[in-house]
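Notes follow once the structure below has been shown.
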Amino acid sequence: MDLNLSDEQKLLRESAERFVAESYDADHRRKMANDPLGFSPLVWKQFAELGWLALPLPEEFGGLGGGAVEIGILMEAFGRGLVSEPYVATTVLGAALIARCGTTEQKQASLPKVADGSLKLAFAHSERAARFDLAKVTTSANKTSEGWRLAGSKIAVLDGHAADQVIVSAHIHDHRGPSGRIGLFLVQATTPGLVISDYPRLGGGRACNIELFDVHLPEDVLLGDGSDALPAIEWAVDRAMAALGAEAVGIMQTLLDTTLEYTKIRKQFGRPLSANQVIRHRLADMAMQVDEARSMALRAALKVDAAPIERAQAASGAKAKIGKCARFVGEQSIQLHGGMGVTEELEVGAYFKRLVAFDTLFGGSAHHYGRHAQLSRRAVSA
């Protein structure tokens, strides 16, 4: 297998890294952290102009037909700058679910708007009692004569406060009672009965909790034909974990580069810190962890369209391993910066916070080690 980037992928990486380096600095990040929206609409418009919002979308609906590897290239660059725009929520999760589950009419109505930046999406699936079990959904969607009635609550919805439409997962109840199927419903953010409570995420960006109080919806909000959406949800979340893994790699690489530079200029007893053999060993360990994480993120991206068990194994393996690597690199970076590492003067702390947030999103390392083991047993028994 050729793991080298193509010429087009190299150009994408160079343009993304250049854009992030020019547009994201400490002042911009602090400004976004204090902004109620949490990101810049101007930068979002630039994402659309650069074609990044259209990158993974099907060509027949205004997209560029890119894959998970291209998303990973972008996300690694985003990690270097701690980008807070809702790219994962809108493009990696929301648009992907519409492209996979929606009817032709639903795709035509939504995907071109995602590509041009005029439509932002969010995916509301996690629930407080689920404990990262994607199949556990208590939010209900009752069939009525006019359409649907939704009731329930969702937590940790990425960028839900900024979304124009929210894709809500719910257990479908028809005239015979619970159907055992999970449906996806495309809900306008301004729908009466939908209450959004947003909060800042650790390390930048925002998320929200959503309450659905007897929300009445028309019949055509159901994505697709009403068949069980759980396989599509698992696919989309595995895809999102691969993208977030690439973002974590970008954050880790920045911490490594920053720490290496700091140990060259910081002197102790008249010598740079980097002249100390123990310090060099710790830097080498950090570099090794970054390379291992990058390999796992790439493997997860390459497996997003593989058979479900193989794809899920790659995604969980990457999430578990990258989470462990990220914590090691973050802690070493903080320690090697000494007391400065925990101050607001340096951005090392902000990068470390984003890595901590990554480790808990969609399940931490312990959860995914367990999931990987379960999948391995299923693969052997099959």
If the plane angle is over 60° it's perpendicular, under 30° parallel, otherwise tilted; pick one for Phe47 and Trp44.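 It falls in the tilted class, 30° to 60°.
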
Derivation and outcome, side-chain contact (heavy atoms from CB on, under 4.5 Å), residues Glu331 and Phe352: CA-CA 8 Å; Glu331 289 173 351; Phe352 179 62; 4.1 Å; yes

Which residues share a side chain to side chain donor-acceptor pair (under 3.5 Å) with Ser227, sequence neighbours left out: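 Per chain and number, Ser227 pairs via side chain to side chain donor-acceptor pair (under 3.5 Å) with Asp225.
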
Residues two or more places apart in sequence or in another chain: which of them pass side chain to side chain donor-acceptor pair (under 3.5 Å) with Arg239?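 If we apply the side chain to side chain donor-acceptor pair (under 3.5 Å) test to Arg239, skipping adjacent residues, there are no hits.
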
Pick out which of Arg294, Glu76, Arg80 makes a side-chain hydrogen bond (donor to acceptor under 3.5 Å, both in side chains) with Gln253.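 Option passing the side-chain hydrogen bond (donor to acceptor under 3.5 Å, both in side chains) with Gln253: Arg294.
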
Pair Arg30 + Asp27: basic N to acidic O under 4.0 Å: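 Asp27 and Arg30: salt-bridged.
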
Is there a donor-acceptor pair under 3.5 Å between the side chain of [X] and the backbone N or O of [Y]?
X      : Y      : result
Asn142 : Trp148 : no
Arg29  : Gly81  : yes
Ser333 : Val329 : no
Ser23  : Val20  : no
Ser15  : Leu12  : yes
Arg181 : Gly226 : yes

Assess the side chains of [X] and [Y]: does a donor N or O sit below 3.5 Å from an acceptor N or O?
X      : Y      : value
Ser169 : His125 : yes
Ser365 : Asp359 : yes
Thr138 : Glu127 : yes

The test is salt bridge (Lys or Arg N to Asp or Glu O under 4.0 Å); show your working for Asp305 and Arg311 and say whether it passes. CA-CA 7 Å; Asp305 294 316; Arg311 179 205 70 225; over 6 Å; no

Phe78 pairs by ring pair (Phe, Tyr, Trp, His ring centres under 6.0 Å) with which of Tyr87, Phe39, Phe19?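 Result for ring pair (Phe, Tyr, Trp, His ring centres under 6.0 Å) with Phe78: Tyr87.
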
Is there a salt bridge (Lys or Arg N to Asp or Glu O under 4.0 Å) between Lys107 and Glu60 once you walk through the steps? CA-CA 10 Å; Lys107 296 174 187 178; Glu60 61 266 33; over 6 Å; no

Quick one: does Ser40's side chain get under 4.5 Å of Met32's, heavy atoms only?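 Result yes, sub-4.5 Å side-chain heavy-atom pair found.
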
With ILVMFWY side chains joined below 4.5 Å, transitively, what does Ile265's cluster contain besides itself?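 Members besides Ile265: none; it forms no cluster.
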
